[in-house]
Amino acid sequence: MLHNNWFPSYMTAYIRDSPLRRAGTLNAILSRCFSFTPREVFDRSPERHVVTMHDNECEALASFVQRNSLGMKPSKFQLCTALNCCAKTQNSHLGSQIHAKILHIGLDQNLYINSSLVNAYAKCGAIVDAMSVFNGIEFHDTVSWTSMISGLSQNGQGREALCLFKQMLATLVRPNCFTYVGAISGCTEQESVWKCGELLHAHVIILGHENNNFVTSSLIDYYSKCGKMEKVVVLFEACATSDPILVNSMISAYSHNLQGEEAIKLFMKMRNADASLSEHALTSILDACGALTVLQQGRQVHAYVTKVGSVHNVFVVGALIDMYSKCGNIDEALCVFNEADYKNNILWTSVITACAQSGRSLEALEFFDHLVIKEKRFSPDHVCFTVVLTACNHSGLLDKGIGYFEKMRSDYNLVPEIDQYACLIDLYARKGDLKRGKKVMEEMPFTANAVMWSSFLSCCKEYGNVELGKEAAYKLFELEPHSPVPYLILEDIYAGAGLWNEVLQLRKLMNDNGVRKCTAGCSWVEIENEVHVFSVGDSSHPESEDIHLELRKLSLEMLNEVHVFPRNAPKSGDYELMMISSLF
DNA sequence: ATAGGGTTAG
(Lines give C-alpha, C1' and ligand atoms only; values in the text may rest on other atoms or scores of the structure.)
Protein backbone atom coordinates (compact mmCIF):
# COMPACT_ATOMS: atom_id res chain seq x y z
CA MET A 1 0.00 0.00 0.00
CA LEU A 2 1.57 3.23 -1.10
CA HIS A 3 -0.25 5.74 0.97
CA ASN A 4 0.97 4.94 4.42
CA ASN A 5 -0.64 7.72 6.26
CA TRP A 6 2.31 8.49 8.45
CA PHE A 7 4.63 9.30 5.59
CA PRO A 8 5.92 12.82 5.26
CA SER A 9 3.74 14.15 2.50
CA TYR A 10 6.60 15.06 0.19
CA MET A 11 7.91 11.54 0.53
CA THR A 12 4.53 10.17 -0.41
CA ALA A 13 4.50 12.41 -3.44
CA TYR A 14 8.03 11.43 -4.29
CA ILE A 15 7.22 7.78 -4.07
CA ARG A 16 4.01 8.15 -6.01
CA ASP A 17 5.75 9.92 -8.85
CA SER A 18 9.00 8.13 -8.78
CA PRO A 19 9.86 4.98 -10.65
CA LEU A 20 11.21 3.75 -7.37
CA ARG A 21 8.01 2.63 -5.81
CA ARG A 22 9.50 1.40 -2.66
CA ALA A 23 7.40 2.81 0.08
CA GLY A 24 7.85 -0.22 2.24
CA THR A 25 11.62 -0.06 1.98
CA LEU A 26 11.73 3.64 2.70
CA ASN A 27 9.41 3.15 5.60
CA ALA A 28 11.75 0.61 7.07
CA ILE A 29 14.81 2.73 6.40
CA LEU A 30 13.35 5.75 8.04
CA SER A 31 12.16 4.03 11.15
CA ARG A 32 15.35 2.05 11.56
CA CYS A 33 17.73 4.95 11.24
CA PHE A 34 16.11 7.76 13.04
CA SER A 35 14.64 8.15 16.39
CA PHE A 36 11.56 10.14 15.43
CA THR A 37 8.20 8.49 15.26
CA PRO A 38 6.40 8.27 11.92
CA ARG A 39 3.70 10.56 13.24
CA GLU A 40 6.25 13.21 14.09
CA VAL A 41 7.69 13.08 10.60
CA PHE A 42 4.29 13.59 9.14
CA ASP A 43 3.39 16.41 11.48
CA ARG A 44 6.57 18.27 10.77
CA SER A 45 6.35 18.10 7.02
CA PRO A 46 4.65 21.13 5.56
CA GLU A 47 2.06 20.19 3.01
CA ARG A 48 3.62 22.35 0.34
CA HIS A 49 6.15 19.70 -0.49
CA VAL A 50 3.46 17.89 -2.36
CA VAL A 51 3.28 20.91 -4.57
CA THR A 52 6.88 21.95 -4.92
CA MET A 53 8.42 18.62 -5.22
CA HIS A 54 12.12 18.43 -4.71
CA ASP A 55 12.66 15.17 -6.45
CA ASN A 56 16.42 15.38 -6.55
CA GLU A 57 16.69 16.42 -2.95
CA CYS A 58 14.34 13.70 -1.80
CA GLU A 59 16.25 11.12 -3.74
CA ALA A 60 19.55 12.35 -2.34
CA LEU A 61 18.16 12.27 1.19
CA ALA A 62 16.72 8.82 0.74
CA SER A 63 20.05 7.44 -0.41
CA PHE A 64 21.84 9.28 2.37
CA VAL A 65 19.51 7.69 4.88
CA GLN A 66 19.97 4.32 3.30
CA ARG A 67 23.77 4.50 3.39
CA ASN A 68 23.49 5.54 6.98
CA SER A 69 21.32 2.56 7.76
CA LEU A 70 23.97 0.27 6.33
CA GLY A 71 26.35 1.64 8.93
CA MET A 72 28.41 3.67 6.47
CA LYS A 73 29.98 6.75 8.00
CA PRO A 74 29.04 9.82 5.97
CA SER A 75 31.85 12.06 4.70
CA LYS A 76 31.78 15.74 5.46
CA PHE A 77 30.87 16.39 1.84
CA GLN A 78 27.91 14.06 2.07
CA LEU A 79 26.84 15.71 5.29
CA CYS A 80 26.96 19.14 3.66
CA THR A 81 24.92 17.95 0.72
CA ALA A 82 22.39 16.21 2.96
CA LEU A 83 21.98 19.33 5.09
CA ASN A 84 21.50 21.37 1.98
CA CYS A 85 18.71 19.01 0.92
CA CYS A 86 17.13 19.32 4.35
CA ALA A 87 17.21 23.09 3.91
CA LYS A 88 15.54 22.88 0.51
CA THR A 89 12.83 20.46 1.63
CA GLN A 90 12.52 22.10 5.04
CA ASN A 91 13.02 18.82 6.76
CA SER A 92 14.08 20.12 10.13
CA HIS A 93 13.71 16.80 11.81
CA LEU A 94 16.12 15.03 9.56
CA GLY A 95 18.33 18.10 9.87
CA SER A 96 18.61 17.77 13.61
CA GLN A 97 19.19 14.04 13.29
CA ILE A 98 22.09 14.82 11.00
CA HIS A 99 23.26 17.41 13.49
CA ALA A 100 23.31 14.69 16.13
CA LYS A 101 25.31 12.51 13.78
CA ILE A 102 27.78 15.34 13.20
CA LEU A 103 28.32 15.75 16.92
CA HIS A 104 28.65 12.01 17.26
CA ILE A 105 31.40 11.67 14.70
CA GLY A 106 33.11 14.82 15.90
CA LEU A 107 32.80 17.06 12.85
CA ASP A 108 31.22 19.91 14.77
CA GLN A 109 34.19 22.20 14.34
CA ASN A 110 34.12 22.09 10.55
CA LEU A 111 33.28 25.53 9.20
CA TYR A 112 31.65 24.21 6.01
CA ILE A 113 29.42 21.86 7.97
CA ASN A 114 28.54 24.53 10.47
CA SER A 115 27.58 26.99 7.75
CA SER A 116 25.35 24.34 6.22
CA LEU A 117 23.81 23.66 9.60
CA VAL A 118 23.11 27.35 10.16
CA ASN A 119 21.50 27.49 6.74
CA ALA A 120 19.46 24.32 7.24
CA TYR A 121 18.13 25.39 10.61
CA ALA A 122 17.36 28.87 9.38
CA LYS A 123 15.54 27.59 6.27
CA CYS A 124 13.41 25.39 8.53
CA GLY A 125 12.56 28.37 10.68
CA ALA A 126 14.53 27.07 13.65
CA ILE A 127 16.30 30.36 14.10
CA VAL A 128 17.31 29.74 17.71
CA ASP A 129 19.09 26.55 16.73
CA ALA A 130 20.73 28.33 13.81
CA MET A 131 21.94 31.04 16.14
CA SER A 132 23.36 28.58 18.64
CA VAL A 133 25.34 26.82 15.91
CA PHE A 134 26.48 30.20 14.63
CA ASN A 135 27.58 31.31 18.08
CA GLY A 136 29.51 28.07 18.51
CA ILE A 137 31.69 28.80 15.50
CA GLU A 138 35.09 30.00 16.60
CA PHE A 139 36.39 31.64 13.44
CA HIS A 140 33.80 33.00 11.08
CA ASP A 141 34.14 33.56 7.38
CA THR A 142 32.00 35.49 4.94
CA VAL A 143 29.82 32.44 4.30
CA SER A 144 28.99 31.75 7.93
CA TRP A 145 28.14 35.41 8.53
CA THR A 146 26.05 35.48 5.37
CA SER A 147 24.15 32.31 6.28
CA MET A 148 23.16 33.75 9.60
CA ILE A 149 22.29 37.22 8.27
CA SER A 150 20.13 35.78 5.48
CA GLY A 151 18.57 33.31 7.88
CA LEU A 152 17.47 36.11 10.17
CA SER A 153 16.10 38.12 7.26
CA GLN A 154 14.12 35.18 5.96
CA ASN A 155 12.60 34.59 9.36
CA GLY A 156 11.21 38.06 9.74
CA GLN A 157 14.00 39.30 11.95
CA GLY A 158 15.34 42.00 9.70
CA ARG A 159 16.40 44.21 12.54
CA GLU A 160 18.50 41.42 14.06
CA ALA A 161 19.93 40.66 10.63
CA LEU A 162 21.08 44.25 10.28
CA CYS A 163 22.55 44.25 13.79
CA LEU A 164 24.54 41.18 12.85
CA PHE A 165 25.59 42.81 9.60
CA LYS A 166 26.86 45.76 11.60
CA GLN A 167 28.79 43.40 13.87
CA MET A 168 30.27 41.77 10.82
CA LEU A 169 31.48 45.13 9.49
CA ALA A 170 33.44 45.55 12.73
CA THR A 171 35.44 42.39 12.01
CA LEU A 172 38.08 41.76 9.42
CA VAL A 173 35.75 39.52 7.40
CA ARG A 174 34.31 41.44 4.46
CA PRO A 175 30.77 41.14 3.16
CA ASN A 176 30.31 40.14 -0.47
CA CYS A 177 27.32 40.54 -2.74
CA PHE A 178 25.65 37.51 -1.16
CA THR A 179 25.85 39.22 2.21
CA TYR A 180 24.32 42.37 0.78
CA VAL A 181 21.37 40.42 -0.60
CA GLY A 182 20.69 39.04 2.88
CA ALA A 183 21.07 42.40 4.55
CA ILE A 184 18.92 44.27 2.00
CA SER A 185 16.09 41.78 2.30
CA GLY A 186 16.26 42.36 6.05
CA CYS A 187 15.31 45.99 5.47
CA THR A 188 11.84 45.15 4.22
CA GLU A 189 10.72 43.38 7.34
CA GLN A 190 10.38 46.12 9.85
CA GLU A 191 9.53 49.68 9.12
CA SER A 192 12.04 50.87 11.67
CA VAL A 193 14.89 49.71 9.45
CA TRP A 194 13.50 50.93 6.15
CA LYS A 195 16.01 53.66 5.71
CA CYS A 196 18.91 51.23 6.06
CA GLY A 197 18.04 49.89 2.63
CA GLU A 198 19.07 53.08 0.92
CA LEU A 199 22.28 53.10 2.89
CA LEU A 200 23.00 49.56 1.76
CA HIS A 201 22.16 50.58 -1.79
CA ALA A 202 24.89 53.20 -1.49
CA HIS A 203 27.32 50.54 -0.22
CA VAL A 204 26.42 48.35 -3.16
CA ILE A 205 27.16 51.12 -5.64
CA ILE A 206 30.46 51.99 -4.00
CA LEU A 207 31.56 48.38 -3.91
CA GLY A 208 30.48 47.79 -7.49
CA HIS A 209 27.88 45.12 -6.87
CA GLU A 210 25.18 47.03 -8.67
CA ASN A 211 25.36 44.89 -11.77
CA ASN A 212 24.69 41.73 -9.84
CA ASN A 213 21.20 40.53 -10.64
CA PHE A 214 20.69 39.01 -7.24
CA VAL A 215 21.51 42.29 -5.56
CA THR A 216 19.32 44.21 -7.99
CA SER A 217 16.46 41.83 -7.38
CA SER A 218 16.68 42.29 -3.64
CA LEU A 219 16.79 46.07 -4.13
CA ILE A 220 13.73 45.93 -6.40
CA ASP A 221 11.94 43.96 -3.75
CA TYR A 222 13.04 46.37 -1.05
CA TYR A 223 11.96 49.53 -2.87
CA SER A 224 8.75 47.86 -3.98
CA LYS A 225 7.85 47.00 -0.42
CA CYS A 226 8.34 50.55 0.75
CA GLY A 227 6.35 51.81 -2.17
CA LYS A 228 9.15 53.58 -4.00
CA MET A 229 8.13 52.40 -7.42
CA GLU A 230 10.05 55.16 -9.18
CA LYS A 231 13.30 53.70 -7.84
CA VAL A 232 12.14 50.22 -8.78
CA VAL A 233 11.57 51.28 -12.36
CA VAL A 234 14.98 52.97 -12.56
CA LEU A 235 16.68 49.84 -11.24
CA PHE A 236 14.82 47.59 -13.63
CA GLU A 237 15.50 49.72 -16.65
CA ALA A 238 19.20 49.88 -15.83
CA CYS A 239 19.50 46.11 -16.13
CA ALA A 240 21.24 45.09 -19.27
CA THR A 241 20.03 41.52 -19.25
CA SER A 242 16.45 40.51 -18.82
CA ASP A 243 16.88 37.87 -16.20
CA PRO A 244 13.51 36.13 -15.84
CA ILE A 245 13.71 36.40 -12.10
CA LEU A 246 14.12 40.16 -12.32
CA VAL A 247 11.07 40.28 -14.56
CA ASN A 248 9.17 38.18 -12.06
CA SER A 249 10.20 40.45 -9.21
CA MET A 250 9.09 43.38 -11.29
CA ILE A 251 5.65 41.88 -12.00
CA SER A 252 5.18 41.22 -8.30
CA ALA A 253 6.32 44.75 -7.52
CA TYR A 254 3.77 46.28 -9.88
CA SER A 255 1.04 44.01 -8.67
CA HIS A 256 1.70 44.66 -4.98
CA ASN A 257 1.78 48.39 -5.59
CA LEU A 258 -1.61 48.33 -7.24
CA GLN A 259 -0.12 48.98 -10.66
CA GLY A 260 -1.87 46.00 -12.12
CA GLU A 261 -1.94 47.43 -15.61
CA GLU A 262 1.83 47.74 -15.71
CA ALA A 263 2.07 44.20 -14.36
CA ILE A 264 -0.19 42.91 -17.11
CA LYS A 265 1.75 44.83 -19.79
CA LEU A 266 4.99 43.30 -18.64
CA PHE A 267 3.41 39.88 -18.55
CA MET A 268 2.19 40.26 -22.13
CA LYS A 269 5.63 41.41 -23.21
CA MET A 270 7.27 38.42 -21.60
CA ARG A 271 4.73 36.02 -23.00
CA ASN A 272 5.20 37.36 -26.51
CA ALA A 273 8.95 37.06 -26.12
CA ASP A 274 8.55 33.45 -24.97
CA ALA A 275 10.35 34.26 -21.77
CA SER A 276 9.66 32.01 -18.82
CA LEU A 277 7.55 33.24 -15.96
CA SER A 278 7.72 31.75 -12.51
CA GLU A 279 4.68 30.47 -10.74
CA HIS A 280 5.15 33.22 -8.19
CA ALA A 281 4.84 35.76 -10.98
CA LEU A 282 1.75 34.01 -12.30
CA THR A 283 0.00 34.25 -8.96
CA SER A 284 0.96 37.92 -8.77
CA ILE A 285 -0.39 38.63 -12.22
CA LEU A 286 -3.63 36.80 -11.45
CA ASP A 287 -3.89 38.81 -8.28
CA ALA A 288 -3.56 41.95 -10.39
CA CYS A 289 -6.26 40.74 -12.81
CA GLY A 290 -8.58 40.03 -9.90
CA ALA A 291 -7.94 43.41 -8.34
CA LEU A 292 -8.64 45.16 -11.65
CA THR A 293 -11.53 42.78 -12.38
CA VAL A 294 -10.31 42.36 -15.92
CA LEU A 295 -11.75 39.03 -16.91
CA GLN A 296 -10.40 39.02 -20.46
CA GLN A 297 -6.80 39.44 -19.35
CA GLY A 298 -7.40 36.95 -16.58
CA ARG A 299 -8.51 34.41 -19.15
CA GLN A 300 -5.41 35.07 -21.22
CA VAL A 301 -3.25 34.38 -18.20
CA HIS A 302 -5.28 31.24 -17.60
CA ALA A 303 -4.54 30.14 -21.15
CA TYR A 304 -0.85 30.74 -20.58
CA VAL A 305 -1.01 28.85 -17.29
CA THR A 306 -2.52 25.89 -19.09
CA LYS A 307 0.07 26.09 -21.84
CA VAL A 308 3.06 26.03 -19.49
CA GLY A 309 1.53 23.38 -17.29
CA SER A 310 1.21 25.51 -14.18
CA VAL A 311 -2.32 24.25 -13.65
CA HIS A 312 -0.67 21.63 -11.51
CA ASN A 313 0.59 24.23 -9.09
CA VAL A 314 -1.83 24.60 -6.25
CA PHE A 315 -0.90 28.24 -5.64
CA VAL A 316 -1.63 29.13 -9.24
CA VAL A 317 -4.92 27.22 -9.07
CA GLY A 318 -5.80 29.13 -5.91
CA ALA A 319 -4.98 32.41 -7.62
CA LEU A 320 -7.09 31.43 -10.64
CA ILE A 321 -10.10 30.61 -8.48
CA ASP A 322 -9.64 33.86 -6.63
CA MET A 323 -9.30 35.83 -9.87
CA TYR A 324 -12.48 34.37 -11.44
CA SER A 325 -14.32 34.84 -8.21
CA LYS A 326 -13.27 38.50 -7.95
CA CYS A 327 -14.29 39.02 -11.55
CA GLY A 328 -17.70 37.69 -10.60
CA ASN A 329 -17.38 34.59 -12.70
CA ILE A 330 -18.18 31.95 -10.19
CA ASP A 331 -18.82 29.21 -12.75
CA GLU A 332 -15.34 29.45 -14.17
CA ALA A 333 -13.96 29.49 -10.63
CA LEU A 334 -15.80 26.25 -9.94
CA CYS A 335 -14.61 24.80 -13.20
CA VAL A 336 -10.97 25.50 -12.33
CA PHE A 337 -11.55 23.97 -8.96
CA ASN A 338 -13.16 20.84 -10.35
CA GLU A 339 -10.32 20.30 -12.76
CA ALA A 340 -7.60 20.79 -10.17
CA ASP A 341 -5.68 17.57 -9.75
CA TYR A 342 -4.76 18.27 -6.20
CA LYS A 343 -7.07 19.95 -3.75
CA ASN A 344 -6.17 21.10 -0.31
CA ASN A 345 -8.04 22.78 2.48
CA ILE A 346 -7.30 26.22 1.13
CA LEU A 347 -8.76 25.45 -2.28
CA TRP A 348 -11.89 23.97 -0.75
CA THR A 349 -12.28 27.01 1.41
CA SER A 350 -11.61 29.24 -1.61
CA VAL A 351 -14.54 27.88 -3.58
CA ILE A 352 -16.83 28.03 -0.58
CA THR A 353 -15.79 31.65 -0.12
CA ALA A 354 -16.27 32.31 -3.82
CA CYS A 355 -19.84 31.00 -3.58
CA ALA A 356 -20.58 32.87 -0.40
CA GLN A 357 -19.21 36.14 -1.73
CA SER A 358 -21.14 35.99 -4.95
CA GLY A 359 -24.35 36.00 -2.98
CA ARG A 360 -24.77 32.25 -3.17
CA SER A 361 -24.49 31.59 0.54
CA LEU A 362 -26.96 28.75 0.48
CA GLU A 363 -25.06 27.02 -2.26
CA ALA A 364 -21.84 27.53 -0.32
CA LEU A 365 -23.39 25.86 2.70
CA GLU A 366 -24.76 22.99 0.66
CA PHE A 367 -21.32 22.52 -0.81
CA PHE A 368 -19.85 22.42 2.66
CA ASP A 369 -22.46 20.03 4.02
CA HIS A 370 -22.12 17.73 1.09
CA LEU A 371 -18.36 17.60 0.91
CA VAL A 372 -17.38 17.90 4.51
CA ILE A 373 -20.12 16.39 6.52
CA LYS A 374 -21.45 13.77 4.15
CA GLU A 375 -18.52 12.75 2.04
CA LYS A 376 -15.78 13.77 4.47
CA ARG A 377 -13.69 14.93 1.55
CA PHE A 378 -11.70 17.36 3.60
CA SER A 379 -11.31 18.37 7.16
CA PRO A 380 -12.28 21.99 7.69
CA ASP A 381 -10.07 24.33 9.66
CA HIS A 382 -10.67 27.61 11.46
CA VAL A 383 -10.69 29.80 8.38
CA CYS A 384 -13.17 27.49 6.71
CA PHE A 385 -15.50 27.73 9.67
CA THR A 386 -15.26 31.50 9.64
CA VAL A 387 -16.41 31.47 6.02
CA VAL A 388 -19.25 29.06 6.78
CA LEU A 389 -20.39 30.99 9.83
CA THR A 390 -20.26 34.25 7.91
CA ALA A 391 -22.31 32.70 5.12
CA CYS A 392 -24.92 31.62 7.67
CA ASN A 393 -24.98 35.10 9.04
CA HIS A 394 -25.42 36.66 5.59
CA SER A 395 -28.22 34.36 4.62
CA GLY A 396 -29.99 34.67 7.96
CA LEU A 397 -29.52 31.02 8.90
CA LEU A 398 -28.75 31.91 12.46
CA ASP A 399 -29.60 28.61 14.16
CA LYS A 400 -27.77 26.65 11.51
CA GLY A 401 -24.74 28.82 12.18
CA ILE A 402 -24.87 28.18 15.88
CA GLY A 403 -25.03 24.49 15.05
CA TYR A 404 -21.88 24.72 12.93
CA PHE A 405 -20.11 26.45 15.78
CA GLU A 406 -20.93 23.56 18.08
CA LYS A 407 -19.77 21.08 15.45
CA MET A 408 -16.37 22.71 15.31
CA ARG A 409 -15.45 21.40 18.71
CA SER A 410 -17.53 18.24 18.81
CA ASP A 411 -16.90 16.86 15.32
CA TYR A 412 -13.58 18.38 14.27
CA ASN A 413 -11.76 18.86 17.52
CA LEU A 414 -11.10 22.52 16.72
CA VAL A 415 -10.83 25.00 19.56
CA PRO A 416 -12.67 28.11 18.37
CA GLU A 417 -10.58 31.23 17.92
CA ILE A 418 -11.62 34.83 18.32
CA ASP A 419 -12.89 35.10 14.72
CA GLN A 420 -15.32 32.25 15.13
CA TYR A 421 -16.46 33.61 18.50
CA ALA A 422 -17.12 36.93 16.78
CA CYS A 423 -19.34 35.09 14.29
CA LEU A 424 -21.18 33.25 17.06
CA ILE A 425 -21.83 36.44 19.00
CA ASP A 426 -23.10 38.02 15.81
CA LEU A 427 -25.38 35.07 15.17
CA TYR A 428 -26.95 35.32 18.61
CA ALA A 429 -27.20 39.08 18.48
CA ARG A 430 -28.75 39.20 15.01
CA LYS A 431 -31.25 36.64 16.15
CA GLY A 432 -32.22 39.01 18.93
CA ASP A 433 -30.73 36.90 21.67
CA LEU A 434 -28.60 39.79 22.86
CA LYS A 435 -28.24 38.41 26.35
CA ARG A 436 -26.76 35.18 25.10
CA GLY A 437 -24.46 37.11 22.75
CA LYS A 438 -23.17 39.23 25.55
CA LYS A 439 -22.70 36.18 27.74
CA VAL A 440 -20.53 34.56 25.07
CA MET A 441 -18.55 37.76 24.73
CA GLU A 442 -17.87 37.81 28.45
CA GLU A 443 -17.16 34.13 28.85
CA MET A 444 -15.04 33.45 25.80
CA PRO A 445 -11.30 33.11 26.38
CA PHE A 446 -10.60 36.34 24.47
CA THR A 447 -11.20 39.98 25.19
CA ALA A 448 -13.89 41.40 22.95
CA ASN A 449 -12.51 44.05 20.63
CA ALA A 450 -14.03 47.21 19.24
CA VAL A 451 -15.29 45.50 16.09
CA MET A 452 -17.22 42.97 18.12
CA TRP A 453 -18.73 45.57 20.40
CA SER A 454 -19.65 47.77 17.42
CA SER A 455 -21.48 44.98 15.72
CA PHE A 456 -23.19 44.10 18.98
CA LEU A 457 -24.21 47.72 19.44
CA SER A 458 -25.80 47.77 15.99
CA CYS A 459 -27.88 44.74 16.94
CA CYS A 460 -28.95 46.47 20.15
CA LYS A 461 -30.16 49.30 17.97
CA GLU A 462 -31.94 46.87 15.70
CA TYR A 463 -33.86 45.41 18.66
CA GLY A 464 -34.17 48.67 20.58
CA ASN A 465 -32.40 47.29 23.64
CA VAL A 466 -31.53 50.37 25.68
CA GLU A 467 -29.84 48.65 28.56
CA LEU A 468 -27.40 46.50 26.61
CA GLY A 469 -26.95 49.18 23.97
CA LYS A 470 -25.82 51.61 26.63
CA GLU A 471 -23.37 49.08 27.99
CA ALA A 472 -21.92 48.38 24.57
CA ALA A 473 -21.66 52.06 23.70
CA TYR A 474 -19.87 52.92 26.94
CA LYS A 475 -17.47 50.07 26.29
CA LEU A 476 -16.76 51.61 22.90
CA PHE A 477 -16.28 55.08 24.36
CA GLU A 478 -13.32 53.52 26.17
CA LEU A 479 -12.06 51.42 23.30
CA GLU A 480 -12.40 54.09 20.61
CA PRO A 481 -12.37 57.39 22.48
CA HIS A 482 -12.26 59.47 19.34
CA SER A 483 -14.96 57.76 17.37
CA PRO A 484 -18.31 59.51 17.15
CA VAL A 485 -20.05 56.37 15.88
CA PRO A 486 -21.04 54.72 19.20
CA TYR A 487 -22.38 58.06 20.44
CA LEU A 488 -24.53 58.42 17.35
CA ILE A 489 -25.89 54.89 17.53
CA LEU A 490 -26.70 55.15 21.22
CA GLU A 491 -28.38 58.45 20.50
CA ASP A 492 -30.51 56.60 17.96
CA ILE A 493 -31.40 53.94 20.50
CA TYR A 494 -32.40 56.56 23.08
CA ALA A 495 -34.42 58.46 20.52
CA GLY A 496 -36.17 55.29 19.42
CA ALA A 497 -37.21 54.67 23.02
CA GLY A 498 -38.30 58.28 23.45
CA LEU A 499 -35.63 58.95 26.06
CA TRP A 500 -35.02 62.57 25.07
CA ASN A 501 -33.34 63.50 28.33
CA GLU A 502 -30.75 60.83 27.75
CA VAL A 503 -30.24 62.10 24.20
CA LEU A 504 -29.38 65.54 25.52
CA GLN A 505 -27.08 64.15 28.18
CA LEU A 506 -25.33 62.04 25.61
CA ARG A 507 -24.74 65.02 23.32
CA LYS A 508 -23.24 66.86 26.25
CA LEU A 509 -21.02 63.91 27.06
CA MET A 510 -19.86 63.73 23.48
CA ASN A 511 -19.02 67.40 23.54
CA ASP A 512 -17.25 67.14 26.89
CA ASN A 513 -15.17 64.25 25.62
CA GLY A 514 -14.15 66.33 22.63
CA VAL A 515 -15.60 63.95 20.08
CA ARG A 516 -16.72 65.51 16.85
CA LYS A 517 -18.84 64.21 14.06
CA CYS A 518 -16.01 64.07 11.59
CA THR A 519 -14.92 61.25 9.43
CA ALA A 520 -11.30 60.34 9.62
CA GLY A 521 -11.00 59.63 5.92
CA CYS A 522 -7.73 59.93 4.12
CA SER A 523 -4.69 62.00 4.62
CA TRP A 524 -2.47 62.77 1.76
CA VAL A 525 0.25 65.11 0.76
CA GLU A 526 0.23 66.71 -2.60
CA ILE A 527 3.49 67.76 -4.12
CA GLU A 528 3.77 68.95 -7.66
CA ASN A 529 0.34 67.64 -8.55
CA GLU A 530 1.12 64.24 -7.23
CA VAL A 531 -0.48 62.62 -4.28
CA HIS A 532 2.23 61.05 -2.22
CA VAL A 533 0.74 59.71 0.96
CA PHE A 534 -2.32 57.65 1.38
CA SER A 535 -3.35 57.05 4.89
CA VAL A 536 -6.67 55.71 5.85
CA GLY A 537 -7.48 57.58 8.96
CA ASP A 538 -8.69 55.23 11.61
CA SER A 539 -10.98 57.14 13.86
CA SER A 540 -10.34 54.68 16.63
CA HIS A 541 -6.70 55.66 16.70
CA PRO A 542 -6.23 57.98 19.65
CA GLU A 543 -3.87 60.33 17.85
CA SER A 544 -5.60 60.14 14.52
CA GLU A 545 -6.57 63.78 14.43
CA ASP A 546 -3.23 65.07 15.62
CA ILE A 547 -1.49 63.07 13.00
CA HIS A 548 -3.75 64.38 10.32
CA LEU A 549 -2.82 67.86 11.36
CA GLU A 550 0.86 67.03 11.44
CA LEU A 551 0.68 65.57 7.98
CA ARG A 552 -0.95 68.66 6.64
CA LYS A 553 1.70 70.82 8.25
CA LEU A 554 4.41 68.68 6.79
CA SER A 555 2.90 68.92 3.40
CA LEU A 556 3.19 72.67 3.63
CA GLU A 557 6.82 72.55 4.57
CA MET A 558 8.69 70.49 2.06
CA LEU A 559 8.83 66.89 1.39
CA ASN A 560 10.89 65.41 -1.28
CA GLU A 561 9.18 62.17 -1.13
CA VAL A 562 6.74 60.43 1.03
CA HIS A 563 5.88 56.81 0.86
CA VAL A 564 2.99 55.62 -1.12
CA PHE A 565 1.86 52.62 0.76
CA PRO A 566 1.74 49.43 -1.18
CA ARG A 567 -1.14 47.08 -1.40
CA ASN A 568 -2.86 47.37 1.93
CA ALA A 569 -3.98 50.51 3.60
CA PRO A 570 -1.72 51.27 6.54
CA LYS A 571 -2.85 50.22 9.96
CA SER A 572 -3.08 52.54 12.93
CA GLY A 573 0.38 51.58 14.06
CA ASP A 574 1.81 52.83 10.78
CA TYR A 575 1.21 56.44 11.59
CA GLU A 576 4.34 56.88 13.59
CA LEU A 577 6.35 55.27 10.90
CA MET A 578 4.83 57.48 8.26
CA MET A 579 5.84 60.48 10.25
CA ILE A 580 9.35 59.15 10.49
CA SER A 581 9.67 57.88 6.99
CA SER A 582 8.40 61.06 5.48
CA LEU A 583 11.24 62.91 7.12
CA PHE A 584 13.89 61.09 5.14
C1' DA B 1 31.67 19.90 -0.82
C1' DT B 2 29.32 25.21 2.45
C1' DA B 3 26.12 30.87 1.62
C1' DG B 4 22.43 34.44 -2.31
C1' DG B 5 17.15 36.91 -5.40
C1' DG B 6 10.21 36.25 -4.50
C1' DT B 7 7.34 33.27 0.17
C1' DT B 8 2.59 33.44 -4.15
C1' DA B 9 -4.10 30.92 -2.83
C1' DG B 10 -8.95 30.86 1.88
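So you know, we letter chains A, B, ... as the sequences are listed, proteins then strands, and number each from 1. What you see is a predicted model, and the numbers here were worked out from it, not measured in a lab.
- Pairs of residues two or more places apart, or lying in two chains, that qualify as ring-ring contact (aromatic ring centres under 6.0 Å, His included) and include a residue from residues 111-130 of chain A are A:His99-A:Tyr121.
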Donor-acceptor list for residues 73-83 of chain A side chains, cut-off 3.5 Å, not counting sequence neighbours:
unit_1  : atom_1 : unit_2  : atom_2 : d
A:Ser75 : OG     : A:Phe77 : N      : 3.3
A:Ser75 : OG     : A:Gln78 : N      : 3.1
A:Gln78 : OE1    : A:Ser75 : N      : 2.9
A:Thr81 : OG1    : A:Phe77 : O      : 2.9

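- Of the residues in residues 119-139 of chain A, A:Asn119, A:Lys123 come within less than 4.0 Å of DNA chain B through at least one heavy atom, sorted by number.
- Residue-to-nucleotide contacts include a donor-acceptor pair under 3.5 Å from the side chain of A:Asn176 to the base of B:dA3.
- Within the structure, side chain to side chain donor-acceptor pair (under 3.5 Å) contacts touching residues 376-391 of chain A (residues at least two apart or in different chains) are A:Glu375-A:Arg377, A:Thr386-A:Gln420.
- With sequence neighbours left out, A:Asp426 forms a salt bridge (charged side-chain N to carboxylate O under 4.0 Å, His left out) with no residue at all.
- Contact check, A:Gln357 against B:dG10: no side-chain N or O comes under 4.0 Å of OP1 or OP2.
- Between A:Asn84 and B:dA3 there is a side-chain N or O to OP1 or OP2 distance below 4.0 Å.
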Donor-acceptor list for residues 163-172 of chain A side chains, cut-off 3.5 Å, not counting sequence neighbours:
unit_1   : atom_1 : unit_2   : atom_2 : d
A:Thr171 : OG1    : A:Met168 : O      : 2.6
A:Thr171 : OG1    : A:Val173 : N      : 3.1

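- At B:dA9, none of the side-chain N or O atoms of A:Lys343 fall inside 4.0 Å of OP1 or OP2 (strictly under the cut-off).
- A heavy-atom distance below 4.5 Å is found between the side chains of A:Asn248 and A:Leu277.
- Contact annotation: side chain of A:Ser278 to base of B:dG6, donor-acceptor pair present below 3.5 Å.
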